[in-house]
Amino acid sequence: MGKDLFRYEGVAPVLAGLTFFTIIQAVLIILQAKWLAMAITGLFNGGAVDAAAADMALFFAALTGRYFIHFLKQKIVERYSEKTSNALRQKVLAKLFSLGPRLAQKEGTGKLVTLIIEGTGQFRTYLDLFLPKMINMLIIPVSIWLFIVWSDRTSGVILAVTLPVLLIFMVLLGFVARKKADSQWEGYQRLAGHFTDSLRGLQTLTYLGRARSHSQQIERVSEDYRKSTMSTLKVAFLSSFALDFFTMLSVATVAVFLGLGLIDGDMTLLPALTILILAPEYFLPVRELGTDYHATLNGQEAGRAMQAILAIEEAKAEQPVFLERWSADDELVVSNVHAASLKNISFSIKGHQKIGIIGASGAGKSTLIDVLGGFLGLDAGTISINGQEAAHLQKDAWQNLLTYIPQHPYTFSGTLADNIRFYKPDATDEDVLKAADQAGLSSLKALVHETIGEGGRQLSGGQMQRIAVARALLSDRPIVLLDEPTAHLDLETEAALKETMLPLFEDRLVFFATHRLHWMQEMDVVIVLERGHIAEMGTHEELSKKGGMYTAFVQAAQGDAHELAYSIHERA
Amino acid sequence: MNWLIPYMKEHKRLLAVVVFLGSLTIFAASALLFSSGYLISKAASRPENLLMIYVPIVMVRTFGIMRSVSRYLDRLTSHSLILTIVSRMRVRLYEALRPQTARFKTGDALSLFADDIEHLQDVYIKLIFPWLSALLLYIVSIAALGYFSVPFALVMGLYFFVFTVLVPLVSLLVTKAKQTRQKEQRAAQYSQLADAVMGLGDWIFSGRQRSFIDSYERREEEWTKIEAFKRSFTRGRDFALQLLIGTAVVAMMIWAGGQSTSGQIAPVLIAAFTLVLFPITEAFLPLSSAAESWSGWSHSLNRLDAVEQGKSQQAKTASPAASSSAAIALQDVSFSYNEQAPIFDHFHMAIEHGEKVAILGPSGSGKSTLMQLAFGLIAPQNGVVLINGYEPDDDISREIAVLNQQPYLFNTTVMNNVRLAKPNASDQEVMEAVKKVHLHDYIQALPNGYHTMMQEAGARFSGGERQRIALARVLLQQTPIVILDEPTIGLDPITERQLMDTVFEVLHGNTIVWITHHLAGMEKMDRIVFLEEGKIQMDGPPAELFAANTRYKRLYELDYGLMS
């Protein structure tokens, strides 16, 4: 447990500080017990309360000191955990931004966001709990034991024997419980997830007419879950039962032996009482280590998950590409590129061309867009820009020339104007309005300073696409990447959008991946992808005549409509 | 509170056992130290023989064992109780959500409520059970002390009051506003970060990643500040409580010493009385931290209450007697989610038996509302919806099957997923349905065939294959009417084509209502209804519309711009 703890920056001085304070704390614990025992012994021997007052005061002072040190230790640890967990989050966030959207696609946005927000907190809790507990465990029992052995050998031997026995039992029982839990794990997961699963699928259940009767199912599964959980818990709780049992037994044994010693006259009340008070303190750090075990486990896991993200290799640093602007003479050559699902992709582009990318789902359209956007490095092959070879396109000079229009363009909670000037934050209101106008947002013109998104005005899918177009127009960047921008829009919205989008394509290099085939007529080149490789490439006219993959797509989209249209024409 | 108190009343006995065991555990721990203190003191007075301390020796051992055993039993019974309560809560929540599905856009939004119930477990385990146990022990111990001295019992009573009521209450009040503030902040951070992660590409191209990280970190800093305040409050409070325990111990010694001097108690009891304070106060300490979490839990309670209130608002109004022989008839239907923008205003439409009708229209035109009305998920505010002449009721799924955009595949076997539509279907029937949707060979090839768990298979299923599973369900459902609610969104043209071919291949003779926003496959329909802003703009057979209606023609050309 906690091996990776030492990898975190600045942990050494914190551990040193904790060790120092813990040693003082251990001394104070012993003194507190001793002075308490002295006060009680004084009273027991018939002394007046006044006579014991000094010892009581000392006891109180030791207690104050002990918990003040505890207070200080917490402060040190909390300051450290705050700093470390924040630093870790910042690093992960920065890494996320340099890795690009592929990681989020793979891991799921929700999972990453939860890791960054909740995971940081869990990791922090782990540091908060684990660091002081670990140091306490290492120092306090040993110090107390040394003191006890020095005062009374028998008690020392009893305590020394029980601690390892206790640890062994704990480990053994923990092991059994885990094994039992592991063997039921799959069933567990299913039972535990059943309710969430039911709520997620509630709509489907409703349509199938199963929603009403399913409630009995929920009850039954919950009941099964309770039964199987209880049978595991019976074993799992045994480990803390053993801990309790042996602690208590050992304290009780110590008390009995002390009693016997006192009767024999081998011992006096003061050391006996001191040992009795100290015995539970001897076991306390071990017991505390057991509590909150799950909280530390989650935190450790979160820490590991974040370290794993940090360990992901970034694109190799290369010679930067020199490229000021994309003009008619510039040339992009993709040769024999392999990347993720893409196989042996080669094509070359010169100047302001419009390239359509089509293919079945999973054929590699989005992957190709990711390569062109610089989010994905190449496994093999090269891309060269004006003869400058590169192993990936994650280059500022290239990326700063791009605008990106995906299916759901990024809009953030802010004014419409700020959303439009996202690529060019210093653009004037006038320029923003002009771009909004060109993108067909004139109906929203009065609202440019109104907040949109979360807590503000909700926009339709078509309006969001228009914001993306306005953004691209305003940024005046020469290269446009589009990934399924219209798949979710109805025909008329798409048609209206098309009218405003086409001027954007003028004098720009455009890569357009889509299922919607009518866009292909506007493209200079169409790349048809099939299972990761280029099946066909050419103009719409060329490919239409060829009778290959492209024709198959067109026919699928039109189907019998073709015949229908003909029959209508003939009739008319 | 509706989600907490009834369950305690319902399980009164078990609750009493849990509370009793909880206080028995603290009692045994205290009694252990009490008898050890007594044992040592007694032994120190050098009694004549060993028998004099025999009783305390036995007591020490007994209480030692009793503490561990009662703690073990306490943990088991409290978990058993909580799991029973949770299973009741789940059914209750499910029943509350069932009639309200139309209000929630995604299944994920629904599944959030499952977390709320998980939170309520903590309220019981961390707050209610320990607090009741502490309270019981509080009363018992003060009563016991009152046997020796009433005034001193009152002093200790005040001490314990501070531990069990006052400080937890103060903790709750001090942190409440901060907790709420943090909760709001977190929600804002979630949406800010989720938006940004989805827009990562844009941020990278804009070259302004740094500015996002900075603005996010500023928010985070504010959160950290509140957190730091809370933590320093907790630290200070715990320190103060420890000092309070110290003074209580000193007070106990002074009292016991005084009593012993005046001969009211035996000197051997001084140690016993003093030591017993430690385990008791130790049990009181966690109550204050648990009270801090209350405001977080109360958020979940409020959400659950709101869900139940939403359920009671769904009451249907009596509708006028109407009749229709059509498969689906909407007569004079008005519906709106809010006053300003009605979706339907005195709307009429009828779909005949066996008709294949496409409903076209831009988003927001009322296409999906039409489906929800037909299925009875929502009730019209005016007019009547009739399915085969009757208003949709709980048995509507015998009349209408729905193939929607995202059919949910449950985490069970493939076989059970399909069988869901008809629980008493034999394996053979299920396989017949799967064969018809051309998925049989694919499923047979999976490692466990039809018994492959969906979780493993789901990842392998493409969008088209998921729809085929859903279609197999529709087949098993054997309803006269099938509504297709944009099932092909996000599919590529070839997959879409193949899916729709299968749909029409297997659903012959059924009344089909196909909601869609583009025109692929329209030639297969008998009739096309074009909806816009809750009104029918066009209605007729496709060929007729194409020939006569310029708007349809234009749409058609848009979609098939390729043909010329």
Side-chain angles (χ1 to χ4, degrees), chain A residues 40 43-44 49 56 60 63 67 71 74 93 97 101 104 109 113 195-197 199-204 206-209 211 215 218-219 222 226 237 241 244-245 248 252 255-256 259 262-263 269 272 360-361 399-400 402 404 410 412 423 454 490-491 495 515 518 554 556-557 560-561 564 568, chain B residues 36 39-40 43-44 53 57 60-61 64 67-68 72 75 83 87 90-91 94 98 101 107 110-111 114 191 193-195 197-202 205-207 209 213 235 239 242 246 250 254 257 267 270-271 362 397 402 408 410-411 421 492-494 497 517-518 523 543 546 555 558 561-562:
Chain A
I40 294 175
L43 292 171
F44 174 78
V49 173
M56 289 185 199
F60 190 73
L63 179 134
Y67 286 107
F71 178 88
Q74 268 189 324
L93 212 52
F97 273 82
T109 304
V113 171
F195 186 57
T196 317
D197 203 36
L199 291 186
R200 280 221 171 97
L202 185 53
Q203 277 159 346
T204 300
T206 308
Y207 293 142
L208 292 176
S215 116
I218 288 177
E219 196 167 3
S222 289
R226 188 181 68 83
F237 288 162
F241 169 74
D244 273 351
F245 187 76
M248 287 299 158
V256 170
L262 284 164
I263 288 190
L269 182 60
S361 322
Q399 288 185 327
N400 290 343
L402 299 178
Y404 181 47
Y410 172 61
F412 52 91
Y423 281 75
E454 194 90 12
D490 64 89
L491 269 178
H515 287 322
H518 61 82
V554 174
D560 310 326
L564 177 82
I568 292 165
Chain B
S36 323
L39 164 70
I40 299 242
I53 60 163
I57 286 181
V60 165
R61 290 198 176 138
R67 183 196 179 270
S68 357
Y72 178 68
R75 291 180 76 184
L83 288 169
S87 93
R90 283 181 173 156
V91 173
Y94 179 81
R98 194 164 61 83
T101 44
L110 281 160
S111 72
S191 66
L193 191 57
D195 279 352
V197 170
M198 283 195 273
L200 266 182
D202 281 292
F205 293 148
S206 73
Q209 298 98 304
I213 295 181
R235 268 202 313 265
F239 183 46
Q242 291 291 356
V250 170
I254 293 172
I270 300 174
S397 59
V402 177
Y408 190 77
F410 292 87
N411 187 19
D492 63 76
I494 292 180
R497 183 88 218 152
H517 66 229
H518 64 193
E523 70 284 353
F546 188 85
L555 275 178
L558 281 174
L562 281 164

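Computation of the quantities below employed the complete heavy-atom set of this structure, encompassing side-chain atoms and omitting hydrogens, waters and symmetry-equivalent molecules. Small disclaimer: the values here were computed from a predicted structure and weren't measured. The chains referred to below are lettered A, B, ... by the order of the sequence lines, with proteins before strands, and numbering in each begins at 1.
Your options are A/Ala104, A/Ala495, A/Gly259, A/Ser215, and the one with the most heavy-atom pairs under 4.5 Å with chain B is A/Ser215. Ranked by heavy-atom pairs shorter than 4.5 Å toward chain A, the options B/Ile254, B/Leu200, B/Ile213 are led by B/Leu200. Chosen from B/Gly201, B/Ala421, B/Ala271, the residue pairing most often with chain A at heavy-atom distances under 4.5 Å is B/Gly201. With respect to chain B, the highest number of heavy-atom pairs below 4.5 Å among A/Asn400, A/Leu93, A/Leu199 belongs to A/Leu199. Most heavy-atom pairs under 4.5 Å with chain A, from the set B/Ile57, B/Val60, B/Leu193: that is B/Leu193. Comparing B/Ala44, B/Gly64, B/Gly199 by how many heavy-atom pairs each has under 4.5 Å with chain A, the most go to B/Ala44. Most heavy-atom pairs under 4.5 Å with chain B, from the set A/Ile263, A/Leu269, A/Ile218: that is A/Ile263.
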Review point. Between A/Arg200 and B/Tyr408, is a side chain to side chain contact (heavy atoms under 4.5 Å, CB included) present by the stated rule, with each step listed?
Key: CA-CA 8 Å; A/Arg200 280 221 171 97; B/Tyr408 190 77; 3.5 Å; yes
Exercise for review: Using the side chain to side chain contact (heavy atoms under 4.5 Å, CB included) rule, take B/Asp202 and A/Tyr423 through it: C-alpha gap first, then chi angles, then the decisive distance, then the call.
Suggested key: CA-CA 8 Å; B/Asp202 281 292; A/Tyr423 281 75; 2.7 Å; yes
Point to revise | Pair A/Thr206-B/Val402, side chain to side chain contact (heavy atoms under 4.5 Å, CB included): steps then yes or no | key: CA-CA 10 Å; A/Thr206 308; B/Val402 177; over 6 Å; no
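Nearest heavy atom pair, residue B/Phe410 against residue A/Thr204, reads CE1-CG2, 4.3 Å. The shortest non-hydrogen separation linking A/Ala255 to B/Leu39 is O-CD2, 3.6 Å. Summarising the geometry of B/Arg75 relative to A/Phe237, their closest heavy-atom pair is NH2-CE2, 3.2 Å, with the distance given to 0.1 Å. Nearest heavy atom pair, residue A/Ala211 against residue B/Tyr94, reads O-OH, 2.7 Å. Shown here for B/Asn411 and A/Asp197, the closest heavy-atom pair between the two residues is N-OD2, 2.8 Å. Nearest heavy atom pair, residue B/Ser68 against residue A/Met248, reads OG-CG, 4.2 Å.
Separating the CG atom in A/Leu491 from the NE2 atom in B/His517 is a distance of 7.0 Å, to the nearest 0.5 Å. For the atom pair B/Ile270 CD1 and A/Phe44 CZ, the distance stands at 8.0 Å (nearest 0.5 Å). Atoms CZ and CD, from A/Phe97 and B/Gln209 in turn, are 7.0 Å apart once rounded to the nearest 0.5 Å. With rounding to the nearest 0.5 Å, the separation of CG in B/Asp492 from NE2 in A/His515 is 5.0 Å.
Only the side chain of B/Arg67 comes within less than 4.5 Å of a heavy atom in chain A; its backbone stays farther off. With a threshold of 4.5 angstrom between heavy atoms, A/Phe60 approaches chain B through side-chain atoms but not through N, CA, C or O. Interface residue B/Ile53: only side-chain heavy atoms are found under 4.5 Å from chain A. Of the atoms belonging to A/Val49, it is side-chain heavy atoms, and not backbone ones, that fall under 4.5 Å from chain B.
A/Tyr404 and B/Phe205 have perpendicular rings, their planes meeting at more than 60° on a 0 to 90° scale where under 30° would count as parallel. Below 30°, between 30° and 60°, or above 60°: for B/Tyr72 and A/Phe241 the angle between ring planes is between 30° and 60°, a tilted geometry.
Atom CZ of B/Arg61 sits in a sparse spot, with 12 or fewer heavy atoms from other residues, nucleotides or ligands closer than 6.0 Å.
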